[in-house]
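First comes the structure, then the notes that go with it.
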Amino acid sequence: MPRYNPAEIEPRWQRFWEQNKTFRTPEDTNLEKYYVLDMFPYPSGEGLHVGHPEGYTATDILARFQRMNGKAVLHPMGFDAFGLPAEEAAIKRNVPPREFTEKNIANFKRQLKMLGFSYDWERQVSTTDIDYVRWTQWIFLKLYDTWFDETTGRGKPIAELPIPADIQNQGDQAVIEYQDRHRLAYEGDALVNWCPALGTVLANEEVTDGRSEQGHPVQRIPLRQWMLRITAYADRLEKDIETVDWPEGIKKLQKDWIGRSEGAEVDFFVGDNSAYQTWHEIRRTKGFPSSPESEVLRVYTTRPDTLFGATYMVIAPEHPLVEKITTDDQRLAVEAYREAAASKSDRERQEDKKTKTGVFTGSFAINPITNQPIPIWIADYVLINYGTGAIMAVPAHDERDFAFAKQFQLPILAVVKPTSTDDSVNWSDVEKGLACFSGEGIAHASGDYTGSTTENFKTQIKSDLATQGIGRAAVNYKLRDWLFSRQRFWGEPFPILHELDERGKPTGRKRAVPEDQLPVDLPHLDDFKPHGRLEPPLAKAPESWLFVEIDGVRFRRETNTMPQWAGSCWYYLRYIDPKNDKALIDPKLEKRWMAVDLYVGGAEHAVLHLLYARFWHKVLFDRGVVSTIEPFQRLVNQGMILGEMEFTGYRGADEQWVSSEQVIETEDHSLVLAKDRSPVMPIKLEPDQIEKVGDRFVLKSDPTIRIESKAYKMSKSRGNVVNPDEIVTDYGADSLRLYEMFMGPLEASKPWSMSGVNGVRGFLDRVWRMIIDERAEERVLNESVVSVEPNEDQLRVLHKTIKAVTQDIDTLGFNTAIARLMEFVNYFTKQSQRPKSIMETFVLILSPLAPHIAEELWSALGRTESLAYEPWPKFDPDLTIDQTIEIPVSIQGKVRSKITIARGMSADDIEQQALADIRIVELLDGKTVRKVIVVPDRMVNIVAT
RNA sequence: GGCGGUGUGGCGGAAUGGCAGACGCGCUUGAUUCAAAAUCAAGUGUCCAAUGGACGUGGAGGUUCGACUCCUCUCACCGCUACCA
């Protein structure tokens, strides 16, 4: 075996690791633990993408590095296998989703093994495994059995929910309904995002711009749905994020998504003045009720200090009071508006934010602080599911209200004056109603409050409103409860039964499937396709599945299924105790391994998966299943890998080249010339047709024609997808691993380059030839590799390399670690004597990055065991520091000469030596030295005039 | 519109406020070869009157003895998000 041949070496070592169970998780509890986790993949039919191995290689390097540092490493892998895309693909191919999914998992697993990742495969979990589904359903039942106690901020068993006396008096049914209203998993009528094309409802988080992730339009319809009360945990989700080591950007995204705001709720009476007076009097004595009377509109505002400027009100078209307050002469217009709003998709509603629409209801409410009647409008710019679904409009100080007031000629009253230092807006324009000022400032025309700062005003009025019983301080969140049911087949069935009466009609009562009857498996269905109606496919299940009898009572199973997120919310726990059939996880093992020390995955999961998982984890914490408040201690997002850089030129209809800055993209994604909108054709160009002039690329044959150069996202349609199988076949797994790490910083997005892969393969070839005799028939050492004592230079190179590589791996700086290994090889291939001991140490520090070639060389150097548990080499600090060093001498900050000094030389000595340097003496001739700055061991700077 | 990120040679990228461009790709020249590939050696930011010098980290200012690095403003690209009162 003369030449480096990864095709032979790599499968052989993969087999060795598997047969010797090299990467089985150690049970020795004396070792320090290290839990390093990848975001598990969704096993698509396409197979692994080159983006996947980026994060996986990073975590694998850490896992191997920590094993060599003597830690007990838990490094598992699994599959997020439920979900819409698999089901869609299965329908298209007409195979059952489970069969399709299992085939994909097998393929993914083959590809992952081919890359030599050191996963403990005995711990593999798939969210679709029936053993796994059992515990996902078990957690759902925990959510169902939990209510959130606001006073302690904790989730508690529903049996501990205090039942108010008035409910108790209404009987059992009332108590059941009361409990159901407080569960973390509850059924509610929600305006849902119904996607006709997919035949399912989607979560708010799965809808962007009124479209599904696949781009299908989404409508809003009311439907009875399972919801999870994540909003109860909003406060803790927001606060506890400060305790974890995550990128600041991701923390901010989560905080913004939770969207906590502080403000006040204020009640506006709808009716005539005398009724208002009476109401006001009652409120003064009785205080602010938990829900308003039927003739009262409750609003939420973050700017109670602008109450004097509230000149009208707006309620959402779906607001329950619309019917009641609409006057007869406005009824037709209001009804028409409501219908139009309901049939509009979210996308249409948002299409033109600047143009506001709305209709007057005919009614007036009384501003409780000015006692003036103000008109009530309905408009779709007020959302029913935020705050109270109603606002007080302050057009002088809110951009949206301002636009609306302008549109419908409503009065604008300025009540906040910018401070004298604030020149963001012209006050006289604001006063005249010509401009809107949304900042903070000084109260104006606000009764006794005039002159207060916004901050003081807010505090004062909150307490004044509370005293009068017409308002109170309130906190709101943008976060909504999590819509948790899907009208699809390929997901976990809900372990919930709906009670039926003798005629087979639902009674409205439900019960949980008893724990010992879990899991509820999916039934076999010949036809699992969605049919476009709201009824889920599981409704077509055989009666034997659909109907259950317990203690003589008949039940119908819940036929919705859980969303894909369910399984990924807790998989990191199951890896710790994957075979446990008595419990979700053994508490002793949970304490041993949690939290995850390093979690690596794509930033696209910044809010959804990571927020949902944290929510479940907190519920499990409250219910005593886990001991940690946060699951993922440290999070790192790997960047996106883009396709190879592409050069694109454009040709017009007349076949003439067009410069790229004249080309624009239209709304329907076609390319046209900016000046006359005539179509142009993109032409892919080769690098040799292009040159760079200044900061732009132009056509070599015509430098006036500018060319676009860009790396695009990999996509099937663009045809720039790189397949890991091909890279492994052509270059080897170690080359792929090394290249992905060498491309640049882990967290940056960067373009693929095939010649770059070839480059790192060249490095591995050089590593091989440094140690192995390439011309021999058998695998023998290169004749330069000899058992001699290394000389000092060689030792210095070695120890500097160990130091740099150790630190770089520790800080995930893999690209620079590889650069240091390359420098080592460049040095030692020039050495005619390569001490064997040094070669051995080198192989060890190479091994986390390129494990197959490292094992092979380790064995060639005469070792019989795997190097996976060899101690990580230590460096001698003395050998990493040179005793004589060359430092620059600059004049006026510009380097003019270099001097060689002994390390640690005093500043005075260095200064003398610098000023004595021939070149410096020459340059200083005729000048006066004003100042000399000496940084010992680094540099000298002379200031002279 | 809002938030976040990134701008350094032909390309990917390196640089605790202290020699800008480590390392790799590409390219040039040479050795080897019948030839090519591979390998090895030397070189490779731009410009100029070349053993030297000027300029140079998107742009404009600033702080500093000294700025890719810190501050202010600005431009471009990428990603996420979008009427949240």
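Proteins get letters first, then strands, A, B, ... in listed order; numbering begins at 1 in each. The analysis underlying the following values was restricted to heavy atoms, covering all of them including side chains, and did not include hydrogens, waters or symmetry mates.
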Interatomic distance where [atom1] belongs to [X] and [atom2] belongs to [N] [whole Å]:
X: A:F814; N: B:A22; atom1: CZ; atom2: P; answer: 23 Å
X: A:D305; N: B:A85; atom1: CG; atom2: P; answer: 14 Å
X: A:I818; N: B:C23; atom1: CD1; atom2: P; answer: 15 Å

Only one of A:I412, A:L413, A:T454, A:T306 passes side chain to side chain contact (heavy atoms under 4.5 Å, CB included) with A:H397; say which it is.
A:T306
Side chain of [X] only, please: which of [options] is the nearest?
X: A:K252; options: B:C23, B:C19, B:C3; answer: B:C3
X: A:K750; options: B:C19, B:A54, B:G12; answer: B:G12
X: A:M645; options: B:A41, B:G12, B:A14; answer: B:G12

Quick one: does any side-chain atom of A:D937 pair with a main-chain N or O of A:G904 as donor and acceptor, under 3.5 Å?
yes
A:A819 vs A:R303, nearer the 5' end of RNA chain B by closest nucleotide
A:A819
Which residue lies toward the 5' end of RNA chain B, A:N815 or A:G759, if each is placed at its nearest nucleotide?
A:N815
Given Watson-Crick and G-U pairs under 3.5 Å, RNA chain B in dot-bracket ([ ] crossing, | other strand) is (((((((..(((.....[....)))((((((.......))))))((((...))))..(((((..]....))))))))))))....
Write down the distance separating the [atom1] atoms in [N] and [M], rounded off to the nearest Å.
N: B:C70; M: B:U57; atom1: P; result: 15 Å
N: B:U6; M: B:G53; atom1: P; result: 37 Å
N: B:A67; M: B:U16; atom1: C1'; result: 14 Å
N: B:A15; M: B:U8; atom1: C1'; result: 11 Å

Once you apply a heavy-atom cut-off of 4.0 Å, does [X] come out as touching a base, just sugar-phosphate, or nothing?
X: A:N826; result: sugar-phosphate
X: A:R761; result: nothing
X: A:R919; result: sugar-phosphate

Does B:G9 fall in syn (glycosidic angle within 90° of 0) or anti?
syn
For the residue pair A:W377 and A:F404, categorise the inter-ring angle as parallel (less than 30°), tilted (30 to 60°) or perpendicular (more than 60°).
perpendicular
Distance in Å, A:K458 NZ paired with A:E440 CD, rounded so as to fall on 0.5 Å steps:
4.5 Å
What is the distance from atom OG1 of A:T357 to atom OH of A:Y381, rounded to the nearest 0.5 Å?
10.5 Å
Please confirm whether A:R718 makes a cation-pi placement over A:Y712, using NZ or CZ under 6.0 Å from the six-membered ring centre and within 45° of the ring normal.
yes
With side-chain hydrogen bond (donor to acceptor under 3.5 Å, both in side chains) as the test, would you mind laying out the steps for A:Y386 and A:S261 before giving the verdict?
CA-CA 11 Å; A:Y386 182 76; A:S261 72; 3.2 Å; yes
